[in-house]
Protein chains: 2
Amino acid sequence: MNLLRNTEKHLSAEDIYIDAVRINPSIGLTTVYRTLDLFSQIGVVQKCDFGDGRARYELADNPLKKSHHHHLVCVKCKTIVDYTDFIGEELELMQKTEKALSLKHRFKIFNHTIHFYGICSKCRLEA
Amino acid sequence: MNLLRNTEKHLSAEDIYIDAVRINPSIGLTTVYRTLDLFSQIGVVQKCDFGDGRARYELADNPLKKSHHHHLVCVKCKTIVDYTDFIGEELELMQKTEKALSLKHRFKIFNHTIHFYGICSKCRLEA
DNA sequence: ATTGGTAATGGAAATCATTATCAAATAAAT
DNA sequence: ATTTATTTGATAATGATTTCCATTACCAAT
C-alpha cells in the first residue's frame, strides 16, 4: 500500500515486486500477486488493464488518494495519459449513475474507471 | 466484422477463431489475432479487458452498433453485467469531454469505456 | 500465359504474465 | 510445549498472445 501511495505511476505486479524486494529481499512474486488481488477484492486497490497484456495497479479512490483521474490510451503506442480535467463535471453524474446501478443490480460499487481510446499525435504523424 | 456484428456477447479471440473456422476452415488463430489488432488500431473494434486474463472484442461504437453499453464488474466472481441505462445522460457529457480532451492532448479519440467495480449481491451474501 | 516481387497467411515454437502446487516457515491455539 | 492453522515463497504449470518463418495468394508488368 505504501508503494502505491508514493507513486503517480501505474505499477505492474513486477514493478511492485522489484520495489518490495528493496524493502524485504525475501519477498516472493507470488505474495505480491496474492496481496494485490486481496487489496483489489476489498476495494482499496484498483486493477487496471490497458491492453498491453499486463495488469497495472493503482490506489483506489479514497481519502488517501490525492487525485481522481481518468485515462487516455493510445491504441498504437500504448501510451497512457492521465487527465484530471472535467472530473468535477463527471463526478456528479458518475455518483448519480453509481447509486442507481447499485440499487438496480444490487452491487456494492466502490470504484469506477473511464478510458478513452484513440491515437496520439505522435502516432498520427507517423502513419 | 460480421461475426462481431451478429452477436451481443464479448467474444474472445478464440471464440472468434472457432466461429471463423466454420466459415473458412483453413483460417489460422494468428490471423484472427492480427486482424483483431488491426481493427482495434483503426478504431472499428474495441478491445476490452475484464481482468480474467483474456481479451474480449466488440464492435466499436458507430452507426452499425446497435447499443452502446457500459460495464459493471464484480471483483470477486468476475461477473460482468452490461447496462444500457443512463447512457443517454452520460453520452452528452462524454462527447463534451471527448472533444475537450482531443484538443488538449491532441488525441484522435474514437471510443471510450466506463467500468464500475464492486461486489455483486451473490458474493456479498457468501462473504 | 508467365514472371517476379510484395504482402498475407497459418502452423509451430517462443514468450511472458499469471496461477497452482507444495513444502517450509511462521503464527495461533490448546 | 505441542499441535494446528495460516502465510509464505520457490518452482512448475498454465494459457493467452507474439514471433518466426516457410509457404501461398495476389497483382502488375512483361
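The figures that follow rest on heavy atoms only: side chains count, while hydrogens, waters and symmetry mates do not. All values derive from a computational prediction rather than experimental measurement. Each chain gets a letter, A, B and so on, in the order its sequence line appears, and its residues count up from 1.
- Taking the ring centroids of A:His112 and B:His71, they lie at or beyond the 6.0 Å cut-off.
- Put simply, the side chain of A:Ile114 reaches to within 4.5 Å of the side chain of A:Met94, judged on heavy atoms.
- If you check the side chains of A:Asp82 and A:His10, you find a donor sitting under 3.5 Å from an acceptor.
- For the pair A:Tyr17 OH and C:dC16 P, the interatomic distance rounds to 17 Å; values are reported in whole Å.
- If you measure from atom OH of A:Tyr57 to atom P of C:dA17, you get 12 Å, rounded to the nearest angstrom.
- Atom CG in B:Asp52 sits roughly 12 Å away from atom P in C:dT18 (whole-Å rounding).
- Rounded to whole Å, the distance from CD1 on A:Ile18 to P on C:dA17 is 10 Å.
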inquiry  = Set out, in order, the CA-CA distance, both residues' side-chain angles and the distance that settles side chain to side chain donor-acceptor pair (under 3.5 Å) for A:Asp15 and A:Ser12, then state yes or no.
reply    = CA-CA 5 Å; A:Asp15 293 336; A:Ser12 68; 3.1 Å; yes
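- For the pair B:Phe50 CZ and D:dA16 C1', the interatomic distance rounds to 16 Å; values are reported in whole Å.
- A heavy-atom distance below 4.5 Å is not found between the side chains of A:Val73 and A:Lys78.
- A salt bridge is defined here as a Lys NZ or Arg NE, NH1 or NH2 lying under 4.0 Å from an Asp or Glu carboxylate O, and A:Asp37 with A:Arg34 fails to meet this definition.
- Between the P atom of D:dA16 and the CG atom of A:Asp49 lies a distance of 15 Å, rounded to the nearest Å.
- Residues from residues 23-39 of chain B with heavy atoms under 4.0 angstrom of DNA chain D, sorted by number: B:Thr30, B:Tyr33.
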